[in-house]
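Numbering starts at 1 and runs along the sequence shown. The structure displayed is predicted, hence computed values, not measured ones.
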Amino acid sequence: MDLSPLRDSRDFRLLFGSGVVTMFGTFLTLVAVPLQMKELTGSYLAVGLVSAAEFVPMVLCGLWGGAIADALDRRKIILYTEIGLCLTVLILMINAMLPEPQVWVLYVVGALSAGLGSLQRPSLESLMPRVVRHDQLTAAAALSSFRWNLGAIVAPGLSGLIAAWYGVAAAYGINVATFLISLGLLWMVKAPPRSEDAPAASIRALVDGVRYAVGRPDLMGTYLVDIAAMVFAFSTALYPFLADELGVPEALGLFYSASAVGSLIASVTSGWTNHIHRHGLGVIISAIVWGAAVALASVMPNVWGIFACLALAGAADMVSGVFRATVWNQTIPDEFRGRLAGIELLSYTSGPMIGNARAGLMANFGGSRFSLGAGGLLCVGAVVAMAALLPKFRNYDARTDEHAIRERTRREELAQA
């Protein structure tokens with residue numbers, strides 16, 4: 001793995017460290033909230049509605065977060081939202097310490113936290129090209145993916161142990177501490193100021209961002225291929241049923257961790273991605289491998305066969321994510337980076353939600369293995385069709401693309417100034 005962004009950029013090190021600390025704390029709350037809701041209500045529906053309450057603020061604030069990221073000081077947005085997120089967890093901790101914790105607090109604070117996180121994410125994403133050299137953006141994306149995948153494997157297990165042994169109030173309290181540490185790291189980031197001619201945050205600015213994205217077939221390809229891959233082949237809702245069908249319900253955790261394991265392996269061996277310039281084709285091939293691996297999992301006769309296929313799918317998804325992030329960060333002008341980051345947020349969060357709904361619906365008709373296999377094959381077909389319909393995306397080359405050349409030249413001029 002190429003570690004040069006960590007060696008060369010102080011601000012990237014601070015952002016990376018903040019992300020590691022925040023991720024552990026966030027997983028604590030992600031585990032503690034549904035656990036507390038189960039303890040308070042004993043209702044499957046009540047637990048499921050926590051995610052439903054978070055969906056609308058996530059969508060609305062994701063779009064608006066992109067608009068304000070281009071209009072205001074991104075560093076300040078990140079700091080203010082980090083303080084807000086810390087306060088939401090503090091409220092959850094106080095509620096958990098009450099003699100009779102209130103259920104409505106979990107819904108309201110969960111929605112508020114989702115909104116604040118979506119407001120923050122575009123500013124964080126759009127800050128990356130400002131703190132890393134242009135030729136290190138692929139390596140920076142791989143490092144960010146490594147951080148996420150390592151956390152996704154380790155943090156949930158530790159979070160579950162802490163919540164089970166010491167209670168949800170302790171889990172929330174530790175999360176408050178992680179936010180304070182993260183806030184200190186973010187405070188030291190010295191990002192360049194915003195452009196003086198930055199557009200004001202408005203509906204018109206959002207529309208301009210969408211118009212810019214639609215006018216770039218190479219960008220639309222990154223969104224559409226990922227959405228298709230997730231809608232047709234994302235199937236975590238089927239894992240409990242697969243484990244039961246195999247007669248090994250204790251293997252359920254393996255299925256959930258398989259994708260992260262594959263992604264982690266792909267992350268630590270990602271140095272080769274720096275030598276790839278046809279990023280659009282890389283995304284297409286990765287999405288095809290993702291779908292084919294999911295389809296292959298449907299015919300595996302045992303736990304380890306399914307685990308291996310899901311790990312391969314996770315590795316392919318990680319590579320796709322690195323190439324998509326590289327296209328975004330190498331070609332999108334800084335004045336549009338925040339708004340486009342908002343669109344990116346919606347593209348990679350809505351797909352898995354719809355995908356699980358699709359998986360459940362198809363399983364009702366033909367069973368879990370049918371849903372898994374058919375979904376994977378539909379993914380391959382959809383990606384091949386989009387590759388044919390989007391030649392500019394398929395033929396994208398960072399060495400010759402006009403947008404990549406323009407951004408590279410602009411950044412070189414800024415570095416020399």
Parallel, tilted or perpendicular: ring planes of Tyr212 versus His403, cut at 30 and 60 degrees: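 Taking His403 first and then Tyr212, their aromatic rings stand perpendicular (interplane angle over 60°).
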
Aromatic plane relationship, His279 with His277 - under 30° parallel, 30 to 60° tilted, over 60° perpendicular: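 His277 vs His279 ring planes: tilted.
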
Stepwise side chain to side chain contact (heavy atoms under 4.5 Å, CB included) test for Phe16 and Arg147: CA-CA 8 Å; Phe16 187 88; Arg147 180 197 72 205; 3.7 Å; yes

Intermediate values then yes/no, ring-ring contact (aromatic ring centres under 6.0 Å, His included), Tyr107 and Trp104: CA-CA 5 Å; Tyr107 289 120; Trp104 66 267; over 10 Å; no

Met230 and Ile354: CA distance, side-chain angles, deciding distance, side chain to side chain contact (heavy atoms under 4.5 Å, CB included) verdict: CA-CA 8 Å; Met230 294 298 107; Ile354 300 173; over 6 Å; no

Measure the [atom1]-[atom2] distance between [X] and [Y] for me, rounded to the nearest 0.5 Å.
X	Y	atom1	atom2	answer
Leu119	Trp64	CG	CH2	10.0 Å
Ser286	Arg324	OG	CZ	9.0 Å
Leu85	Leu116	CG	CG	5.0 Å
Arg130	Leu15	CZ	CG	12.5 Å
Asp73	Ile68	CG	CD1	11.0 Å
Asp8	Gln136	CG	CD	4.5 Å

Flag side-chain contact, heavy atom, 4.5 Å: [X] against [Y]:
X	Y	answer
Phe393	Pro217	no
Val299	Arg369	no
Thr331	Arg408	no
Cys379	Val294	no
Leu310	Tyr239	yes
Asp135	Asn274	no
Val319	Trp272	yes
Ser235	Arg358	yes

Check against salt bridge (charged side-chain N to carboxylate O under 4.0 Å, His left out), Arg216 and Asp218: CA-CA 5 Å; Arg216 291 269 311 273; Asp218 51 342; 2.8 Å; yes

Crowding at CE, Met97 (>12 non-hydrogen neighbours, <6.0 Å):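 Incorrect, the count does not exceed 12.
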
Tyr80, OH: over 12 other non-hydrogen atoms inside 6.0 angstrom: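 It does not: Tyr80 OH has 12 such atoms or fewer within range.
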
How close do [X] and [Y] get, heavy atom to heavy atom, and via which atoms?
X	Y	value
Ile284	Ala387	CD1-CB, 3.6 Å
Ser267	Ser270	O-OG, 2.6 Å
Leu185	Gly17	CD1-C, 3.6 Å
Glu125	Ala341	CB-CB, 3.9 Å

Step-by-step side chain to side chain contact (heavy atoms under 4.5 Å, CB included) determination, Leu143 to Phe12: CA-CA 10 Å; Leu143 283 166; Phe12 182 76; 3.8 Å; yes

Can a donor-acceptor pair be found, under 3.5 Å and without considering hydrogens, that links the side chain of [X] to the backbone of [Y]?
X	Y	answer
Trp290	Ala229	yes
Ser113	Val109	no
Ser182	Phe179	no
Ser371	Gly367	no
Asn95	Val105	no
Arg74	Leu127	no
Thr222	Leu219	yes
Thr81	Ile77	yes
Thr22	Gly19	no
Ser118	Met58	yes

Residues [X] and [Y]: side-chain donor-acceptor under 3.5 angstrom:
X	Y	result
Thr29	Asn175	yes
Asp11	Ser9	no
Asp226	Ser320	no
Thr138	Thr273	no
Glu407	Gln330	no

Carboxylate-amine/guanidinium proximity below 4.0 Å for Asp70 and Arg339: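 Salt bridge between Asp70 and Arg339, a charged N being under 4.0 Å from a carboxylate O: yes.
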
Basic-acidic side-chain contact under 4.0 Å: Asp397, Arg399: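 Judged by the 4.0 Å cut-off on N to carboxylate O distance, Asp397 and Arg399 do form a salt bridge.
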
Verdict with reasoning, Leu137 to Trp328, per side chain to side chain contact (heavy atoms under 4.5 Å, CB included): CA-CA 10 Å; Leu137 288 171; Trp328 298 335; over 6 Å; no

